[in-house]
Amino acid sequence: MDFKVNFKSNENRPTMLIVICILSWIHIGFNLVISLYQLISGPLSSSQIQDSQVNLKGAIVEMRNNGFHTFADTFQKVSDMTPVLNDQHYTAMSLTLLGLVVGLVGVSFMFLGRKLGFHLYIIYSIFSIGQIYLFFSAAEIPSMITWFGIGIAAVFILLYSRSLKWMR
């Protein structure tokens with residue numbers, strides 16, 4: 001069986017698409033390596049969680065003393081979320097890896113000139129922001145983190161959409 005990858009020529013590929021694909025591959029690849037390592041390493045021990053929370057508590061107190069109450073609240077919520085996510089370690093890491101693979105495929109398809117990649121990238125973006133809501137209610141999740149994720153995803157989706165004319 002003959003398998004051919006049918007993609008558009010490099011000559012016609014928009015430069016902006018090349019740049020944002022490279023940035024996306026670096027981001028997704030880095031997160032993929034970290035997530036695979038975390039999946040293989042398994043959940044944290046109770047002493048590791050306790051050490052982490054002690055360190056976070058110190059940082060939270062320091063932030064509050066310096067008037068950074070919003071950041072302190074964010075770190076407090078992250079501290080509260082850590083044991084729950086640790087209990088669901090394998091489920092959370094598996095979902096994260098699934099999302100990252102969808103993102104990687106989406107970016108690769110866009111690089112090859114396929115519009116399907118744009119739709120996969122949107123699914124990846126929504127999933128990567130929203131998967132935490134499978135484990136926590138909205139009140140338990142730091143809104144700053146959610147809004148930051150939405151902002152970054154929106155910028156990249158907008159930049160990718162500028163190359164849709166080139167894709168088939």
Stepwise side chain to side chain contact (heavy atoms under 4.5 Å, CB included) test for Val107 and Tyr124
CA-CA 10 Å; Val107 172; Tyr124 153 73; over 6 Å; no
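- In summary, the side chains of His27 and Asn31 do present a donor paired with an acceptor at a separation below 3.5 Å, with no hydrogens or angles considered.
- Distance check, rounded to the nearest 0.5 Å: CZ of Arg13 to CE of Met167 gives 10.0 Å.
- Residues Glu140 and Asp80 are not in side-chain contact: their nearest non-hydrogen atoms beyond the backbone lie 4.5 Å or more apart.
- Among Arg64, Glu62, His69, the single residue meeting the side-chain contact (heavy atoms from CB on, under 4.5 Å) criterion with Asn66 is Glu62.
- Using a 4.5 Å heavy-atom threshold, the side chains of Ser24 and Phe156 count as touching.
- In this structure, Met110 and Lys115 have side chains that are not in contact, with every pair of non-hydrogen atoms separated by 4.5 Å or more.
- In this structure, Tyr121 OH and Ile20 CD1 are separated by 8.0 Å, a value rounded to the nearest 0.5 Å.
- The environment of Tyr90 atom OH is dense: over 12 non-hydrogen atoms of other residues, nucleotides or ligands sit within 6.0 angstrom.
- Taking hydrophobic clusters as Ile, Leu, Val, Met, Phe, Trp and Tyr residues chained together by side-chain heavy-atom distances below 4.5 Å, Ile129 does not share a cluster with Leu100.
- Both Leu116 and Trp25 are members of a single hydrophobic cluster when ILVMFWY side chains are connected at heavy-atom separations under 4.5 Å.
- For Gln50, the CD atom sits in a loose shell: 12 or fewer heavy atoms of surrounding residues, nucleotides or ligands are nearer than 6.0 Å.
- Leu56 and Leu44 end up in different hydrophobic clusters when Ile, Leu, Val, Met, Phe, Trp and Tyr side chains are linked at under 4.5 Å.
- Listed by chain and residue number, nothing satisfies the side chain to side chain donor-acceptor pair (under 3.5 Å) test with Arg162 (two or more places apart in sequence, or in another chain).
- Tested against Gln53 for a side-chain contact (heavy atoms from CB on, under 4.5 Å), the candidates Asp51, Asn55, Ile49 yield a single pass: Ile49.
- Taking hydrophobic clusters as Ile, Leu, Val, Met, Phe, Trp and Tyr residues chained together by side-chain heavy-atom distances below 4.5 Å, Ile22 shares a cluster with Phe118.
- Residues Ile157 and Phe109 are members of one and the same hydrophobic cluster, defined by side-chain heavy-atom contacts under 4.5 angstrom among Ile, Leu, Val, Met, Phe, Trp and Tyr.
- Taking a 4.5 Å side-chain heavy-atom cut-off between Ile, Leu, Val, Met, Phe, Trp and Tyr, the cluster of Met81 extends to Val84, Leu85, Leu95, Phe127, Ile132, Tyr133, Leu134, Phe135, Phe136, Ile141.
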Run Ser35 and Leu32 through side chain to side chain contact (heavy atoms under 4.5 Å, CB included) and show every step you take.
CA-CA 5 Å; Ser35 296; Leu32 196 58; 5.7 Å; no
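- The distance from atom CE of Met16 to atom OG of Ser163, rounded to the nearest 0.5 Å, is 8.0 Å.
- Separating the OG atom in Ser41 from the CE atom in Met93 is a distance of 10.5 Å, to the nearest 0.5 Å.
- Atom OG1 of Thr82 is separated from atom NZ of Lys77 by 14.0 Å, given to the nearest 0.5 angstrom.
- With rounding to the nearest 0.5 angstrom, the OG1 atom of Thr146 is 11.0 Å from the CE atom of Met144.
- At least one donor-acceptor pair under 3.5 Å links the side chain of Thr74 to the backbone N or O of Thr70.
- Listed here is the closest heavy atom pair of Gln131 and Thr96: NE2-OG1, 2.8 Å.
- By the 4.5 Å heavy-atom criterion applied to side chains, Arg168 and Arg114 are counted as neighbours.
- Ser128 and Ser125 get closest at one heavy-atom pair: OG-O, 3.1 Å.
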